[in-house]
Amino acid sequence: MKALRAAIIVCGLFAAWALVTWITAAPHYILPGPGRVLQALWAHRALLAGHAAVTAAEIVLGLFLGTVFGSLSAITVASFRTMRRWLLPIMVASQAIPVFAIAPLLVLWLGYGMASKVAMATIIIFFPVAATFIDGLQRTDRGWLDLAAVMTGGAGQRRLATLWHVRLPAALPALASGLRVGAAVAPIGAVIGEWVGSGAGLGYLMLHANARVQTDLMFAAMLTLAVFAIVLYFTVDALLRRLLPWQPDRLPAAATTAE
Amino acid sequence: MNTMVSSITAKPPLPAVGLSLRGAQLAFGGATIFQGLDLAFAAGRTTCILGPSGVGKTSLLRLIAGLAGDAGGEVQASDGRSPTGRVAYMHQSDLLLPWASLLRNVTLGARLRAEPIDHDGALALLTAVGLGAWGRARPAELSAGMRQRAALARTLMEDRPIVLMDEPFSALDPITRVKLQDLAARLLSGRTVVLVTHDPLEALRLGHVVHVLSGRPAFLDRPLTLGGEPPRPLEDRSLVELQAELLRRLTSAHRESWQTAEQAS
């Protein structure tokens, strides 16, 4: 049913696209129709696959590093009050600088290779992960904390154990929302990095094709990127659901078993 | 199940510890909720504190538990040592961790204190509360009554001489509540229990002593001392009369607090 719905949506979008190209009668170098783009996709499949692999590697690496750094910062901020006072304003302020603005700098510092794009994706993923995880860590049910305090002989006793056994698992659903956002925005970071300066990747291919008025190839690259982004999002989502089976939206409809 | 219960109650009993509370006071928004309350809790007995909502019962219990709260006062155990670390706490909501199995929930205290984990003991307690087959289940798979039984098992697993209960059965339907009262009374016998409730019948079934905390500022009436061992059967006719008496005391105190509130406004 879900697959059918997705198929209908995809077909509908393609039909609307075909309709727009037919009505506007735009020249194919301005707006190629779906047929042309699919032809280009097939004709350049080896080229597209090669560049897609580079972009995919950048995104996945960025997602991994962004999650690691974001989670570590969140745990640090949530465990030490002094850290919260110093680190949190810096983290928020860092978001005031658009990632687009520092892209040229990253390319300057880290070179035209993958490193600058991975850094870009890492930065863009870091914030949603850190912010949602901090939020989750600070919103532990008061009752659980009271219970842990009584069990450990007073509030503030064995804080690390309480963090590990209570606060951290309680915050995982919040972290999961951050990761979903991260998975959705990760391709932005990588592609911007490629636009600013690179020799490989779908972003590079798009610029390259655009400059040579190979609009159909550009659309094919865009389509490849979109498909990859969607697959990434749903993979992350499915993985998180499997890993956190107690999440509220995952509870079975008949949550109450008879006595 | 019954053999399991007797094997647990047959464990070497903990030395019972009494508690005394002196000069307890609580103010909220400039208004005195209670002041200068002195209260003694006999070792190995169940003391019920009965009172309407907002009278400061939970604050009093948090004070005894050593939890940060608004109430001030001095809490002392009868052996002179601090009661902190010798208290188990059971709340109105089960406070089970939704990601952990029942067994892991029951052994949470040991894991927090990095003590060796007694899986057999945990399983025996789950069996004692009728959940022996549910050790690997997560709380969401259980009904509210079952979850509260698991919370009772976790409270017992702590094996503390003092057990504090904050309206532990108030969120349950009447039938489940009566069953759980029976179970709790059996399993908690011999411990110093402080049970806070707003249900007079619950206090009468489970308590050796019942205090009524009411009025504003709240004061303690002369305590009601009950004979026999809890859980008292529902068929006990005298409970009905006592319940009426307690309800009368609660409602008259309630009227007084209403009047004072009106005069103040």
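Naming: A, B, ... by sequence-line order, numbering from 1 per chain. This structure is a prediction, so every number in the text was calculated from the model and none was measured.
Side-chain contact between Arg154(B) and Met151(A): present, with at least one pair of heavy atoms (C-beta onward) separated by less than 4.5 Å.
In this structure, the side chain to side chain contact (heavy atoms under 4.5 Å, CB included) partners of Ala221(A), at least two apart in sequence or on a different chain, are Leu48(A), Leu202(A), Leu205(A), Met206(A). In terms of the salt bridge (Lys or Arg N to Asp or Glu O under 4.0 Å) criterion, Arg84(A) has no residue partners (sequence neighbours excluded).
The shortest heavy-atom contact between Thr84(B) and Gly153(A) is CG2-O, 3.5 Å.
Taken from CZ in Arg142(A) to NE2 in His91(B), the straight-line distance is 11.0 Å, to the nearest 0.5 Å. One finds the OG1 atom of Thr162(A) at 11.5 Å from the CZ atom of Arg111(B) (value rounded to the nearest 0.5 Å).
Between chain B and the residues Val150(A), Thr152(A), Leu172(A), the most heavy-atom pairs under 4.5 angstrom are made by Val150(A).
Summarising the local packing, CG of Leu4(A) is surrounded by more than 12 heavy atoms from other residues, nucleotides or ligands at distances under 6.0 Å. The 12-atom threshold is exceeded at CG of Leu243(A), counting heavy atoms of other residues, nucleotides or ligands nearer than 6.0 Å.
At a heavy-atom cut-off of under 4.5 Å, chain B is reached by no residue from residues 66-78 of chain A. Among residues 95-108 of chain B, the residues having any heavy atom closer than 4.5 Å to a heavy atom of chain A are, in sequence order, Leu95(B), Leu96(B), Leu97(B), Pro98(B), Trp99(B), Leu108(B).
For the pair Arg113(B) (side chain) and Arg158(A) (backbone), a donor-acceptor distance under 3.5 Å is absent.
Only the side chain of Arg62(B) comes within contact range of chain A, judged by heavy atoms closer than 4.5 Å.
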